[in-house]
Amino acid sequence: MCGIVGYVGDKQAQDVVIEGLRRLEYRGYDSAGVALVNDGSVAWAKRAGKLANLEKVLAESPLPGSTTGIGHTRWATHGAPNDTNAHPHLGNHGRVALVHNGIIENFAELRSEVEAAGDELRSETDTEIAAHLIETALAAGGTLTGAMQQVCSRLEGAFTLVAVDAEDPSRVVAARRNSPLVVGIGEGENFIGSDVAAFIEHTREALELGQDQIVTITREGVEVIGFDGRPAEGTRYHVDWDLSAAEKDGFDWFMRKEIFEQPRAIADALLGRHDAEGRLQLDEVRISDDELREVDKIIIIACGTAFYAGLVAKYAIEHWTRVPCEVELAHEFRYRDPILTRSTLVVAISQSGETADTLMAIRHARQQRSKVLAICNTNGSTIPRESDAVIYTHAGPEIGVASTKGFITQMIAAYLLGLYLAQVRGTSYADEIARVVGELRDMPGHVQRILDGADDLYALAAELEGARSVLFLGRHVGFPIALEGALKLKELAYLHAEGFAAGELKHGPIALIEPGLPVFCVVPPRGRDQLHDKMVSAIQEIRARGARTIVMVEDDDHGIEEFADTIIRLPRVSTLLQPVPAVVPLQLFACELATRLGHDVDQPRNLAKSVTVE
Ligand code: F6R
């Protein structure tokens, strides 16, 4: 949700900033802009639409050379996604240029103040008001850092701000509250980014900032203070992935690359989490075993695809631990006044670690004294920082807007959590836990087998290119997979798609079935006989009404062929783990269908990768 970049050093700032924006474009692509400090003034360019539009403008009318600059790629909140509302925004006299991610909630009141002072506002954005306020503070004397500090202490909401001052080319100043910001530490140059992808090709040394902190970068160094002006410190870390992880590597889309990375991502998610006997060790869990034994209820909170990982987790965690487990959409959670106690464990699942709805939900849970454990992919992001414990999913950077390897590793982490709780609480036998861990270790191979058959899924996408609507059916843990298959198709192919629990069919949705309607059906393994047979009956019922059935069923499960127009074979795994291989054909299908329909798979319309506003 908006990508921001800042640079000061000895390179051409425009090149560094544009390259950084390219790597952050997944965060928002409604408009893009850049501002450079040159010879006592700010030179800028901005354009609605994707970064390519801005690059075209810059190629036609190049900005003057500069080694200090900032840039922005936008997901619109205040004001339409047009040229005027694009960032950067300037102060009244064009001395300060500012880019912003987030929402300034008290902007209406500040706008009146700025207008009363006689300033002329050009855009409808909240950002422009902050630019005016910073410029006014700067005009009274002092540095950009001081002006930023004065203004930030007056702002309400969630924001990251990055600014330059025409009269001081030596510094770029940034501030953060409840919104992501990292600093890249180079030699004779320093960087600012919404995440490390912004500068990964220049440095892998990073500094994470705390809440309500301001950072000033110069060529020589980095200085951090709090909004209260007191010296503060960020946390240094080394980024353990390199540029290749942020590139497409020969794939047409990041999403397709990330689907194919899943065997490795699963292996990494499991790495170091168990000993040779299959006994689990989760070292980032800073909640004592005694506290885990006292847990009497688990509430999983998440949004979108991460919520579906939570639904899968519920089945597994309840089965292994016998602790009641609820799953809630994070944005609904705190508004319904949930019952939370000290013995409630809240599990927040978030790929980005920045989803505002999930963040607000965990804050609410912690205020009620519940313990919070995050399952997260992004090191040092806000949700794990504000949690009592974290299980990192280690999927590597996920750049495609639609979550794939993020989702699969969320499920792996949730299984690990369930098994760990079962181990600590003694609700499953050690050999049972070791058997499941062994099965999890086989998952990279199973997923690879599905990927090896990708061409069949692509052929299916070609056949179904004209479909106007697609349904997905599942039972038990196959139900969240049906929901996820439908979500992928909605967000990428812009098709009407719905996922249903197959048992619900006769209570209404069966009325949707008409001749030729494609329906994906996830058949549970035969281990759960009743479930399996009931699913087979549902397939017969919809086939009898003319549906085109695409049946996902495990190897050696025969007898369904006569009711299936297409069969997709899944490896034999135990029921609770079936979502891991079963989601992969649906990802491949959605990616291919959207590609055939000519959509931008990595940047679907109206979406952004991390939703940092509520
Ligand atoms: C869909 C998708 C979204 C996210 C959701 C939560 O493909 O990616 O539904 O899953 O916005 O995001 P995180 O996991 O970053 O909290």
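Computed over heavy atoms, backbone and side chain alike; hydrogens, waters and symmetry mates excluded. Whatever order the structure lists ligands and atoms in, that order sets their numbers, starting from 1.
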**Any Val401 heavy atom less than 4.0 Å from ligand 1** = yes
**Request:** Could you tell me whether Glu258 and Lys248 have a side-chain N and a carboxylate O separated by less than 4.0 Å?
**Result:** no
**Prompt:** Is Asp30 paired with Arg74 through a side-chain N to carboxylate O contact shorter than 4.0 Å?
**Reply:** no
**Asked** Taking N or O atoms only and a 3.5 Å limit, does Thr358 qualify as a polar contact for ligand 1?
**Response** no
**Message:** Looking only at protein heavy atoms, which one is nearest to atom 15 (O) of ligand 1, and what is the separation?
**Reply:** Ser352 OG, 2.6 Å
**Prompt:** For atom 16 (O) of ligand 1, what's the nearest protein heavy atom and its distance?
**Reply:** Thr355 OG1, 2.4 Å
**Message:** Using a 4.0 Å cutoff against the non-hydrogen atoms of Gly304, which atoms of ligand 1 qualify?
**Reply:** 9 (O)
**Complete:** With heavy atoms and a 4.0 Å threshold, my read on which part of Lys488 contacts ligand 1 is side chain
**Item:** Presence of salt bridge, Arg23 and Glu201, under 4.0 angstrom
**Value:** yes
**Prompt:** So, are Glu25 and Arg22 salt-bridged, with charged N and O less than 4.0 Å apart?
**Reply:** no
**Request:** Would you mind listing every salt bridge (charged side-chain N to carboxylate O under 4.0 Å, His left out) that reaches into residues 367-395, with sequence neighbours excluded?
**Result:** Glu208-Arg385, Glu291-Lys371, Arg363-Glu386, Arg366-Asp388
**Request:** Heavy atoms only: give me the nearest Ala306-Gln410 pair and the separation to one decimal.
**Result:** CA-OE1, 3.4 Å
**Chi angles and distances behind the ring pair (Phe, Tyr, Trp, His ring centres under 6.0 Å) call for Phe500, Phe472** = CA-CA 6 Å; Phe500 295 109; Phe472 296 77; 9.9 Å; no
**Protein residue, atom and distance nearest to atom 5 (C) of ligand 1, heavy-atom basis** = Cys303 O, 3.5 Å
**Request:** Mind checking side chain to side chain contact (heavy atoms under 4.5 Å, CB included) for Ala269 and listing every partner two or more places apart, or none if nothing turns up?
**Result:** Thr409, Ile412
**Asked** Any idea which atoms of ligand 1 are less than 4.0 Å away from a heavy-atom of Ser350?
**Response** 13 (P), 14 (O), 15 (O), 16 (O)
**Asked** With respect to atom 4 (C) of ligand 1, which of Leu607, Ile301, Thr305, Leu487 exhibits the smallest heavy-atom separation?
**Response** Thr305
**Request:** Nearest heavy atom to atom 7 (O) of ligand 1 wins, so pick from Glu484, Gln351, Glu491, Glu398.
**Result:** Glu491
**Fill in**
Counting from 1 in the order shown, the ligand 1 atoms closer than 4.0 Å to a non-hydrogen atom of Ala306 are 10 (O), 14 (O)
**Fill in**
If we number the atoms of ligand 1 from 1 as shown, the ones under 4.0 Å from a heavy atom of Ala402 are 7 (O)
**Closest protein heavy atom (residue, atom, distance) for atom 11 (O) of ligand 1** = Val611 CG2, 4.2 Å
**Message:** Looking at Arg596 and Glu465, is any side-chain nitrogen of the basic one under 4.0 Å from a carboxylate oxygen of the acidic one?
**Reply:** yes
